[in-house]
Trainee: 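Just passing along the structure, written as structure tokens.
Order of the sequence lines fixes the chain letters, A, B, ..., with proteins taken first and strands second; residue numbering starts at 1 for each chain.
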Amino acid sequence: MTTKLSNAQIAWRAAQDIDDGAYVNLGIGFPEMVAQYQPPGRQAVFHTENGILNFGEPPIAGEEDWDLINAGKKAVTLNPGAAFFHHADSFAMVRGGHLDVAILGAYQVAENGDLANWSIGAGGVPAVGGAMDLVHGAKRVAVITEHVTKTGAPKLVKRCTLPLTGVACVTRVYTSLAVIDIENGRFVLREKLPSLSLEELQALTGAEFLVPDTVADLVVPEF
Amino acid sequence: MTTKLSNAQIAWRAAQDIDDGAYVNLGIGFPEMVAQYQPPGRQAVFHTENGILNFGEPPIAGEEDWDLINAGKKAVTLNPGAAFFHHADSFAMVRGGHLDVAILGAYQVAENGDLANWSIGAGGVPAVGGAMDLVHGAKRVAVITEHVTKTGAPKLVKRCTLPLTGVACVTRVYTSLAVIDIENGRFVLREKLPSLSLEELQALTGAEFLVPDTVADLVVPEF
Amino acid sequence: MDKTVPSLVAAVSGIGDGATVMIGGFGGSGAPIELIHALIDRFVATGHPKDLTIVNNNAGNGHVGLAALIEQRMARKLICSFPRSADPRVFTDLYLSGEIELELVPQGTLAERIRAGGAGIPAFYTPTAYGTDLAAGKPIEVFDGRPYVQERWLRADFAIVKAHRGDRHGNLTYNKAARNFNPLMCTAAATTIAQVSEIVAPGEIDPEAVVTPGIFVQALVAVADPQQEEVLNRAGARHP
Amino acid sequence: MDKTVPSLVAAVSGIGDGATVMIGGFGGSGAPIELIHALIDRFVATGHPKDLTIVNNNAGNGHVGLAALIEQRMARKLICSFPRSADPRVFTDLYLSGEIELELVPQGTLAERIRAGGAGIPAFYTPTAYGTDLAAGKPIEVFDGRPYVQERWLRADFAIVKAHRGDRHGNLTYNKAARNFNPLMCTAAATTIAQVSEIVAPGEIDPEAVVTPGIFVQALVAVADPQQEEVLNRAGARHP
């Protein structure tokens, strides 16, 4: 019995909510996996901050063109209908509300929709990239994440304690245990692993979630 | 003996101050004539607000391409090295200070550099076009104009009485009688028609001009 | 993904009363004559759309295109920089009789306000118009010792534009200086409708040559041999 | 008009101590490696230029290009969005020991600040970073009920960029996603120096295909087979 979803399974679940033809930005790292799990018959158009719309799969090793990379500096290819543009036009797409969905990772998500995903606070070298732009641009900002940290602390919290990436920006969180919406400053449970009781899930969540009449089972394929 | 310069002669005089390779915007109407009088061996690059750099001569009648026009909606041609761009990029060139010279017409120019050239005040339909952008963008803003109005009133004045196009923006005025700089809020006479006395010129000018040690003769070819 | 719409009629069917509509072009260059005429035809047949706010650099010329739309009294207000042309009588008469409102905007500020609308920039500062009547009532701020005028973004419900080639994803190229305001307006409208001379398959436009990426375009309609406002006016055309 | 400069040495000879220098590229894509190395070589030989303020999206990778420039301690300050890379040790060490200053800017705000610098817009408002540490101390204004952060333009004394083709007037095209910050930086510097794979005669670049019009470029230098930062780093290269 599944005790929690793998990263691939979380990415799969998030991919099911992306419409055919949607314009999508996937954060660097884990969120990039979402592109692999588009349902058959759907093809989203992926945007990367460094100036490509409609990039495709990674190239075969050894055939990389290092002028054709994504925001994570990984080599990519182009799909038919791709376009290049400069960085200001790229962020006009982001900030101007033209992207349908942005899917990002998170250190913490608060019940008011605040997101912390760029800095663990003091020490080290801070780096923000395009995250602060994306959270205020896309029509829908979703997060994919483990439900708790490696040490078991909740990542879904009442208020973020880490430096914020954006205020009241996240509307849906796909975790290793559940799918949770953020509505009117509250977490609302939409789906949970069938193996997990509501009480068990609540104990792993840093703020009380609302339980609507219908909570679906979070069912994903085995990979 | 020349009593005043023709428009072509004023345009010729203004053209002598444009360097080879300069990026230049000529206001619609009379200022467009300046392009015809570039000294031999010099070739400026002409900018038009509607998105062309390095446009050339008008085409032969009947061979107009109405997708290839200047800001005055007149058909033009392209010189080698031309480029097209959209309106925001076009005015980035203007507002960002990338043009070397803008040459505009005027209703009035004041000794403090204020320019009035877009509206004769109440009545009629106001139209401004790119004039207000040009006066705050180009590195050098010059005016070409008759020295006085058709009714004999001064166009070079102490303060503009017509609605302003821009504040403290003009640095040189080429008139039908003289070349006058604007420095530190004062007109400074640089050249005048030899046939005209200082007193005669001053009487036709709405603010006192300074007379430096050297005032050159304003000498232009006959056309 | 295929953003192609089968007809001009279908392309403009969603534009309702009171909409703000950006219309591409600079004079006749880049003006989407067929889309404008389709809108006029709908109005003549149905009485809608009316009370439009139109954004364009100009106010039309003669009795075709934007001038014809204004002549039908479909526009409540015009936002433009230069409402003069070879034959501006249509607008001039309505304006002087107080039947159409005019918001006059310097051309570069107009372009930048539209670009800001598309780029999610609600306001910006420009030196343009400082100290003039066109800055009256606008906030002034001094940066580095120089005064600037605060200008707001401009957004629209619809943009109707003319491009040259388009692929089914909505990637567009333009013909020469017909580019002008068109790419900006594509970005600043909730729904952008482009007429193109040719609709091609995705991949047939070089990704380097795309001027308007498809993300900014919602509908495409093919008009193989588009009319030119200047040519129509020289022939004394009228629409309808 | 011919903006061609005969050598990399000549191209960078005007960059002096204390200059603000924008360096194009996103990671290694579009990074003008040869121009950066020419600047480093001059510093190694003469001790100048030093105390530079560098604007780039990143902070370099490995020991070539921007990382090598930082390693030589030529930079007093870095303005960037993402000072991390596969091998960011050079910057990290200097930053943690307080030997280089960092101004961290969200990537879209960085791009827009540079664009604003080039376009004569001294300040603009963005939703980005509102309510975060990166908006600390910046003016906030509410438009239509939503709060925005006021950001200032970014201008430079020099921009060094990598383009693909250039004509002698300075019109430039780029290769694929190597475009990124390069066209913006060309507009925002008093002097823009571009390395291009090929310099052609005016007229050989289609006016529709020009990405950076020549008005934004002051000097061009040909580097026929430019090095790629990523390839150099995978080979363990170091400069000098």
Trainee: Under 4.5 Å from any heavy atom of chain C, what part of A:I52 do you find: side chain, backbone, both or neither?
Mentor: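 No part of A:I52 comes within 4.5 Å of chain C.
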
Trainee: With a cut-off of 6.0 Å (strictly less than), are more than 12 heavy atoms of other residues, nucleotides or ligands near CD1 of C:I140?
Mentor: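 Counting other residues, nucleotides and ligands, CD1 of C:I140 exceeds 12 neighbours.
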
Trainee: What are the two closest non-hydrogen atoms of A:A83 and C:N171, and how far apart are they?
Mentor: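 Minimum heavy-atom separation between A:A83 and C:N171: CB-OD1, 3.8 Å.
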
Trainee: Count the heavy atoms belonging to other residues, nucleotides or ligands that lie under 6.0 Å from CD of C:E141, then report whether that count exceeds 12.
Mentor: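 Check passes, neighbour count above 12.
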
Trainee: For C:D167 versus A:G81, what's the shortest heavy-atom pair and its separation?
Mentor: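 Looking at all heavy atoms of both residues, the closest pair is OD2-CA, 3.8 Å.
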
Trainee: Relative to chain A, which segment of C:R115 carries a heavy atom at a distance below 4.5 Å: side chain, backbone, both, or neither?
Mentor: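 Side chain only.
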
Trainee: Please check if the number of heavy atoms outside C:Y130 that lie under 6.0 Å from its OH is greater than 12.
Mentor: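 No, the 6.0 Å shell around OH holds no more than 12 heavy atoms from other groups.
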
Trainee: Quick one: which of A:G137, A:P80, A:G21 has the most heavy-atom pairs under 4.5 Å with chain C, could you say?
Mentor: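 Highest number of heavy-atom pairs under 4.5 Å: A:P80.
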
Trainee: Rounded to the nearest 0.5 Å, how far does CG of C:D206 lie from CZ of A:F84?
Mentor: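 Nearest 0.5 Å value for the CZ-CG distance: 8.0 Å.
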
Trainee: Would you give the length of the straight line joining atom CD1 of C:I215 to atom CG of A:D100, rounded to the nearest 0.5 angstrom?
Mentor: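 Taking CD1 in C:I215 and CG in A:D100, the distance rounds to 7.0 Å.
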
Trainee: Where do A:A82 and C:V210 come nearest, in terms of heavy atoms and distance?
Mentor: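 For A:A82 and C:V210, the tightest heavy-atom pair comes out as O-CG2, 4.1 Å.
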
Trainee: Of all the heavy-atom pairs spanning C:P213 and A:F85, show the shortest one and how long it is.
Mentor: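 Distance-wise, the nearest heavy atoms are CG-CD2, 3.8 Å.
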
Trainee: What's the separation between atom CG in A:N79 and atom NE2 in C:H169, rounded to the nearest 0.5 Å?
Mentor: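 Here the interatomic distance stands at 8.5 Å.
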
